[in-house]
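A short worksheet on the structure shown next.
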Amino acid sequence: MLRTLVLFDIDGTLLTSAAAGRSAIQRAFAEEFAALDFFEAVRFDGKTDPQIVRELYHEAGVPERATATQISVLLDRYLDHLDAEL
């Protein structure tokens with residue numbers, strides 16, 4: 001029987017990705033925004049990816065984009081970039 005182990009290491013004590021997640025989400029947002037200065041206003045730690053995206057849209061000044069559909073679309077792009085970053 002094949003078993004899968006999934007680790008959640010929120011504080012980076014077990015695993016590190018050298019900020020691949022942050023870089024990938026920035027690349028996904030860069031497809032919609034020319035400037036990404038709003039990223040500095042959002043902390044990523046301890047949050048789910050959808051929550052981070054929602055907060056980023058709010059900080060970017062476009063809270064109307066923080067719909068479930070748009071968040072899903074952005075997270076799909078994020079995963080594509082994350083694969084490349086890792």
I need the full list of salt bridge (Lys or Arg N to Asp or Glu O under 4.0 Å) pairs touching residues 51-63, with sequence neighbours left out, sorted by first then second residue.
K47-E55
Output all residues satisfying salt bridge (charged side-chain N to carboxylate O under 4.0 Å, His left out) with E31, sequence neighbours left out; order by chain, then residue number.
R77
Output all residues satisfying side chain to side chain contact (heavy atoms under 4.5 Å, CB included) with T48, sequence neighbours left out; order by chain, then residue number.
P50, Q51
L74: which other cluster members, linking ILVMFWY side chains closer than 4.5 Å, directly or transitively?
I25, F29, F33, L36, F38, F39, V42, F44, I52, V53, L56, Y57, V62, I71, L75, Y78, L79, L82, L86
Answer yes or no: is there a side-chain heavy-atom contact under 4.5 Å between Q26 and H81?
no
Taking side chain to side chain contact (heavy atoms under 4.5 Å, CB included) as the test, write out the residues that go with A19, two or more places apart.
none
Tell me, please, which residues at least two apart from S23 pass side chain to side chain contact (heavy atoms under 4.5 Å, CB included).
R27, E85
